[in-house]
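Here the structure is laid out as structure tokens; the discussion comes afterwards.
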Amino acid sequence: MHELGLLTSVVAAVTRAAERAGATAVDTVALRVGTLSGAVPEALLGSWPLASAGTVVEGAALVIESVPAAVWCGACSAEREVDAFFALVCPVCGTPTGRLLRGREFEVAWVDLTTPEPG
Ligand SMILES: [Zn+2]
């Protein structure tokens with residue numbers, strides 16, 4: 001369960017952000033996850049309740065924004081979205097490329113916090 005370890009780091013980061021903001025609860029955590037990041041969205045969602053249990057993040061919804069992997073193909077002079085299994089080959093002309101532009105992201109995209117009403 002490599003996803004649980006990833007989420008534990010996310011929960012720690014969001015907890016610090018919530019404390020800094022004086023938030024009483026976290027409503028939603030959105031992650032940006034590349035298709036080549038090695039993290040499986042279904043596994044992330046499945047591990048979320050366990051990773052967030054007992055923290056201010058517990059009960060928050062987890063939203064995953066998938067980032068399709070893309071490479072730059074010099075032969076086509078174009079950016080090409082690629083399937084994770086054929087990441088280093090242009091899907092249009094078949095030219096191998098090592099220039100991965102996107103797809104390894106694993107980061108917090110945004111967080112929706114509940115803060116006490118002023119007054
Ligand atoms: Zn190409």
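Fair warning: this is a prediction, and the values are worked out from it, not measured in the lab. First listed ligand is number 1; within each ligand, the first listed atom is number 1.
Between S52 and V11 the shortest heavy-atom distance is CA-CG2, 4.0 Å.
A 4.5 Å side-chain heavy-atom check between L50 and L4 finds at least one atom pair inside the cut-off.
A donor atom on one side chain and an acceptor atom on the other are not found under 3.5 Å apart for E58 and W48.
Taking 4.0 Å as the cut-off between side-chain N and carboxylate O, R102 and E79 count as a salt-bridged pair.
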Enumerate donor-acceptor pairs with a distance under 3.5 Å from any side-chain N or O in residues 16-32 to protein atoms, sequence neighbours excluded.
{"residue": "T24", "atom": "OG1", "partner": "T114", "partner atom": "O", "Å": "3.3"}
{"residue": "D27", "atom": "OD1", "partner": "T114", "partner atom": "OG1", "Å": "2.9"}
{"residue": "D27", "atom": "OD2", "partner": "T114", "partner atom": "OG1", "Å": "2.8"}
{"residue": "R32", "atom": "NH1", "partner": "E107", "partner atom": "OE2", "Å": "2.8"}

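E42 CD to E3 CD: the interatomic distance, rounded to the nearest 0.5 Å, is 9.5 Å.
Around the Zn ion (ligand 1), the protein contributes the following N, O or S atoms at distances under 2.8 Å: C73 SG, C76 SG, C90 SG, C93 SG.
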